[in-house]
Amino acid sequence: MSQTSIASFFAKKDDVATVSNTATAPENPKPAEVAAEAPKAPKVDEEQDFVDFFLSKAGSPLIRGTPLKTRRIAVFGEKYYWGESVTFPIKALPLSFRKWCAAHNYTRFNSVLVNVYEEKTSNIAWHMDATDSLGKGEVVSISFAVRRKDRKKTLANFEFRWPDKKDPTKKKTSTISLEHGTVIRFDAIKHKRKKCEHRVAKTLHPRVNVTLRRIKKPE
């Protein structure tokens, strides 16, 4: 599979969407049919496969000489903000993740930022994305439950806030519940211009967040 076939999570539909992982179960076969069939290998849970991979790769980069404590991080492809200690080549991405991207028709990325939120205190504070290195403003953020048993639960809440045009001393806010497969898209350049910040204040259930960006390549 070529690298261009797994280029980005950037979706073309609604700004917030949930990826469905359900399927219709087949009817129970008759005993004779079961006996006649050779045993089949269990179906690989591709999402759990790449979630486990991201968990194994994420580390704690140094911030002014101190390891980051609020979450663990890994970057694949073009470097975004974080240093070499947690950055890997894009070819290191597992096949299960590449297949997942291709199946969902997410294209046009060259940088994958992974944030692992494992504890209830794991969080990311109010901030606006760094935009100087962006080739395009679009950002795609996808959440995955660390544990299969949490896939139907709210994992965390993603919040936006921006100045109220009528009263700049006040803020307007918007909150989105994050479940397994929830996709959030926004334009980081426009958000910076409008002074729109975002955060995830706390973790309800262990979560892996995958954020896709188009980063300018070094000249």
Side-chain angles (χ1 to χ4, degrees), residues 1 3 5-11 17-21 43-63 67-124 129-130 139-158 178-185 198-200 202-215:
M1 182 178 295
Q3 293 296 326
S5 66
I6 55 164
S8 156
F9 277 99
F10 187 64
T18 301
V19 177
S20 174
N21 297 297
K43 184 178 179 180
V44 175
D45 184 340
E46 292 185 342
E47 291 184 1
Q48 193 64 45
D49 181 76
F50 61 71
V51 165
D52 290 342
F53 170 82
F54 290 142
L55 290 171
S56 72
K57 290 295 185 180
S60 300
L62 297 178
I63 304 296
L68 182 67
K69 296 180 180 179
T70 56
R71 60 196 184 280
R72 295 195 295 125
I73 290 171
V75 181
F76 298 85
E78 297 296 325
K79 185 166 60 176
Y80 175 75
Y81 189 78
W82 304 102
E84 298 294 340
S85 65
V86 292
T87 302
F88 305 89
I90 201 164
K91 65 183 180 181
L93 290 168
L95 179 60
S96 56
F97 182 72
R98 300 182 187 192
K99 289 171 64 178
W100 193 93
C101 293
H104 290 81
N105 195 30
Y106 295 135
T107 59
R108 305 184 304 276
F109 79 85
N110 63 2
S111 183
V112 180
L113 171 64
V114 176
N115 282 286
V116 176
Y117 301 86
E118 295 169 292
E119 310 294 335
K120 290 188 180 296
T121 55
S122 298
N123 70 90
I124 185 166
D129 285 7
V139 175
V140 181
S141 173
I142 304 179
S143 292
F144 297 98
V146 167
R147 304 175 300 202
R148 291 181 180 86
K149 68 178 184 178
D150 294 331
R151 290 187 178 181
K152 299 296 183 181
K153 300 176 182 178
T154 297
L155 306 174
N157 290 302
F158 195 111
L178 301 177
E179 298 180 1
H180 181 79
T182 299
V183 180
I184 296 177
R185 298 189 293 121
H198 58 272
R199 74 170 180 176
V200 179
K202 63 180 179 180
T203 298
L204 302 178
H205 300 283
R207 176 175 68 100
V208 170
N209 174 260
V210 181
T211 305
L212 287 299
R213 295 178 175 88
R214 167 65 64 179
I215 303 294

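Hydrogens, waters and symmetry mates are skipped; everything else that's a heavy atom, side chains included, is used. Here the structure is a predicted model, which is why all the values come from computation and not from measurement.
- A centroid separation of 6.0 Å or more is found between the aromatic rings of F54 and F144.
- For K202, there are no salt bridge (Lys or Arg N to Asp or Glu O under 4.0 Å) partners two or more places apart in sequence or in a different chain.
- Heavy-atom minimum distance, R98 versus I90: NH2-O, 3.7 Å.
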**OP:** Check the pair K99 / D49 against salt bridge (charged side-chain N to carboxylate O under 4.0 Å, His left out), numbers first and verdict last.
**Re:** CA-CA 12 Å; K99 289 171 64 178; D49 181 76; over 6 Å; no
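- Here the closest heavy-atom approach between residue K153 and residue E179 is recorded as O-CG, 3.5 Å.
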Original post:
Run the side chain to side chain contact (heavy atoms under 4.5 Å, CB included) check on H180 and R148 step by step: do they pass?
Top reply: CA-CA 9 Å; H180 181 79; R148 291 181 180 86; over 6 Å; no
Subject >> Step-by-step side chain to side chain contact (heavy atoms under 4.5 Å, CB included) determination, T121 to T70 >> reply: CA-CA 7 Å; T121 55; T70 56; over 6 Å; no
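- In terms of the ring-ring contact (aromatic ring centres under 6.0 Å, His included) criterion, residue partners of F53 (sequence neighbours excluded) are, by chain and number, F76.
- We find that R214 and E78 are not joined by a salt bridge, their nearest charged nitrogen and carboxylate oxygen being 4.0 Å or further apart.
- Contact between A58 and A74 at its shortest, heavy atoms only, is CA-CB, 3.9 Å.
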Original post:
Does the pair F158 and T182 meet the rule for a side chain to side chain contact (heavy atoms under 4.5 Å, CB included), with working shown?
Top reply: CA-CA 11 Å; F158 195 111; T182 299; over 6 Å; no
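- In this structure, A145 and V51 approach most closely via the heavy-atom pair O-CG1, 4.0 Å.
- Minimum heavy-atom separation, L155 to P206: CD2-O, 4.4 Å.
- Annotation: side chain of D129 is in contact with side chain of Y80 (closest heavy-atom distance under 4.5 Å).
- Rounded to the nearest 0.5 angstrom, T203 OG1 and N157 CG are separated by 10.5 Å.
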List the atom pairs, with distances to 0.1 Å, where a side-chain N or O of residues 112-120 and a protein N or O form a donor-acceptor pair under 3.5 Å, not counting sequence neighbours.
from, atom 1, to, atom 2, distance (Å)
N115, OD1, R71, NE, 2.9
E118, OE1, R72, NE, 2.9
E118, OE2, R72, NH2, 3.2
K120, NZ, L204, O, 3.4

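- The minimum heavy-atom distance linking N209 with S143 is given by the pair ND2-OG, 3.9 Å.
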